[in-house]
Amino acid sequence: MSEINLSVEAAKGYVAQIDDVKLYIDGSFVEAESQEQFDNINPYTNERINAVASGGKADIEKAAKAARKAFNGEWGSMSQNERLGYVNKIADLIDEHVEELAPLEAHDTGLPISITKKMVSRASKNFRFYAEMVSSRMVGDAYQVDDEFLNYTIHKPVGIAGLITPWNAPFMLETWKIAPALATGNTVILKPAEWSPLTANKLAEIIDQAELPDGVFNVVHGYGEKAGAALVSHEDVELISFTGETSTGSEIMRNGADSLKRFSMELGGKSPIIVFDDADLDRALDACTWGIFSFNGERCTANSRLYIHEDVAEDFIKALKDRVDNIRVGDPLSDDTQVGPLIHTAHYENVSRYLQVAKEEGCEVYQGNVPEAMRNGNFIPPTLLLNADHSMRVVKEEIFGPVLAVMTFKDEAEVIELANDVRYGLAGYVWTKDIQRGHRVSQSVNAGMLWINSQNVRDLRTPFGGSKHSGIGREGGYYAFEFYTEMQVVHVALGDHRIPQFGKK
Ligand code: NAD
């Protein structure tokens, strides 16, 4: 998919009139059984956008019945080729709607449109990628046992996949889960985040147009504690792929224990960026600034802890302050906005509390500017927490806003220890021209994903996920097959091997 060309006027046109959002169950758009709705709020103005059907246990029950029927029926018995045809059709239809999706996502989440354009234009790739991966890489192994046996493995779909997603990159993360779940042959119930329902609803419309058999794909909007919890505890839902906060992940695992759910957990992070004195400091500055302030700081892999070598710290921090002073904070629908408002007033208050804690803990809080005209939005200016150290909560806890804790270090051993001194282990970034040190330090950081001399550039084929409290399991590439499929081994006797003859006279 190429770049989206979209004027601000056209973008505003797409969000001028937005209908209420319904649930999508068994091929139809329906109200919640309870008839309850909740308001969806624009983070830039804090005005109501629309009403969203608030799903609960009864709706999850309906969706699970429909998903089971489709799995046991048409979808389950369809050839792989035909199934992947549907997956590719979804990709084509996403491309047709991509202009509309970018402003919807920016309007709903406060993410700058420059970011949402990139994210939504990559979503169709998720579907095409998994259609291709399933046809070319979803392969089994064969085990010859002398001339007695040939044993082989196959991948089978698991059943009903429950997908629970956060609000920080909604469309990208939803498609990132739906694509492998459908391509491998499961049926899906998606529970999108309640603060960002718009593009999930658009996706339901797109998938409806693709004419998948009824019940293959379902969306139940609603609150986590109601719709999400009902999905997690449902006896007939086999797996839960969850992306969100670490504490929610623990609760979901507890609630899914009775029904023995299979879990994939993509959780929080507090990722370090380590900049040595021999690094290309200009590029490291670009990467560090982008890595924490893009996505409004609401990025799971954000480099929220900077460790800058003490010999170059003074100049680097001065340059960082200069960047912070000049980052363009503004309307998410404007092309030149770099940082927009946070998703919701509740999250804004959360991040504001952390800034208060930072002051109490002894940080110098250095902030950029928010234009006066933006006062109605949930804006936190780009923020540096200077003089931070590891005795502070603001260094150890995920803030999930445009807030960078800045620390210095003396040597490699010290910085490795500091980098690992948090409960999270999602990502890490190392900047140095010494390639041996680059590898050595990266391999010593206890995290799922490391980048050397690079910002967060993703490769869909590689395993995505975190260690420690940042997650369990890996998504991405063929690693997703481990989660979304059941591996079966078939043992075939090639001859008449000896069988004990119990009880034979
Ligand atoms: P969250 O945990 O509050 O919510 C995520 C989803 O879980 C939402 O759909 C919510 O409704 C649902 N939910 C909440 N309680 C539930 C319950 N009891 N049972 C079932 N579902 C429930 O997270 P968030 O605030 O939406 O997202 C931000 C978090 O997500 C951050 O911690 C961020 O680091 C993390 N994240 C991680 C990754 C990753 O790949 N590791 C990617 C993006 C975001």
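Each ligand, and each atom within it, is numbered from 1 in the order the structure gives. Everything numeric in this text was worked out from a predicted model, so none of it was measured.
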Any ion pair linking [Y] and [X] (charged N to carboxylate O, less than 4.0 Å)?
{"X": "Lys69", "Y": "Asp214", "result": "no"}
{"X": "Lys202", "Y": "Glu205", "result": "yes"}
{"X": "Glu361", "Y": "Arg393", "result": "no"}
{"X": "Glu33", "Y": "Lys62", "result": "yes"}

Could you tell me the residue and atom name of the protein heavy atom closest to [atom], and the distance to it rounded to 0.1 Å?
{"atom": "atom 44 (C) of ligand 1", "result": "Asn168 OD1, 3.4 Å"}
{"atom": "atom 9 (O) of ligand 1", "result": "Thr165 O, 2.8 Å"}
{"atom": "atom 13 (N) of ligand 1", "result": "Gly224 CA, 3.4 Å"}
{"atom": "atom 27 (O) of ligand 1", "result": "Pro166 CB, 3.3 Å"}
{"atom": "atom 2 (O) of ligand 1", "result": "Thr248 OG1, 2.6 Å"}
{"atom": "atom 42 (C) of ligand 1", "result": "Cys300 SG, 3.0 Å"}

Give the atom numbers and elements of ligand 1 that come within less than 4.0 Å of a heavy atom of Gly228. 19 (N), 20 (C), 21 (N)

Which ligand 1 atoms, with their elements, are less than 4.0 angstrom from a heavy-atom of Ala229? 19 (N), 20 (C)

Under 3.5 Å, side chain of Ser196 to main-chain N/O of Pro170, donor-acceptor pair present? no

Got an N/O contact under 3.5 Å between Lys191 and ligand 1? yes

N/O of Glu194 under 3.5 Å from N/O of ligand 1, yes or no? yes

Would you mind writing out the side-chain donor-acceptor pairs for residues 221-231 within the sub-3.5 Å range, not counting sequence neighbours?
{"unit_1": "Lys226", "atom_1": "NZ", "unit_2": "Glu36", "atom_2": "OE1", "d": "3.0"}

Under-4.0 Å protein heavy-atom contact, atom 30 (O) of ligand 1: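 Yes, there is one.
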
Residue-level breakdown please: for [X] versus ligand 1, do any non-hydrogen atoms fall below 4.0 Å on the side chain, on the backbone, on both, or on neither?
{"X": "Thr301", "answer": "neither"}
{"X": "Pro192", "answer": "backbone"}
{"X": "Phe464", "answer": "side chain"}
{"X": "Leu426", "answer": "side chain"}
{"X": "Glu245", "answer": "both"}
{"X": "Leu173", "answer": "side chain"}
{"X": "Glu398", "answer": "side chain"}
{"X": "Thr243", "answer": "both"}

Side-chain donor-acceptor pair present, Gln37, Ser54, cut-off under 3.5 Å: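 Looking only at side-chain atoms, Ser54 and Gln37 do not form any donor-acceptor pair under 3.5 Å.
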
Using 30° and 60° as the class boundaries, would you call the ring planes of Trp167 and Trp195 parallel, tilted or perpendicular?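 The rings of Trp167 and Trp195 sit tilted, inter-plane angle from 30° to 60°.
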
Which of parallel (below 30°), tilted (30 to 60°) and perpendicular (above 60°) describes Phe400 and His347? perpendicular

Gln367 atom CD, over 12 foreign heavy atoms within 6.0 Å: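 Correct, the count exceeds 12.
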
So that I know where these two stand, are Phe29 and Tyr24 an aromatic pair - ring centroids less than 6.0 Å apart? yes

Nearest heavy atom to atom 12 (C) of ligand 1, choosing from Ile240, Leu163, Ile164, Ile399, belongs to Ile164

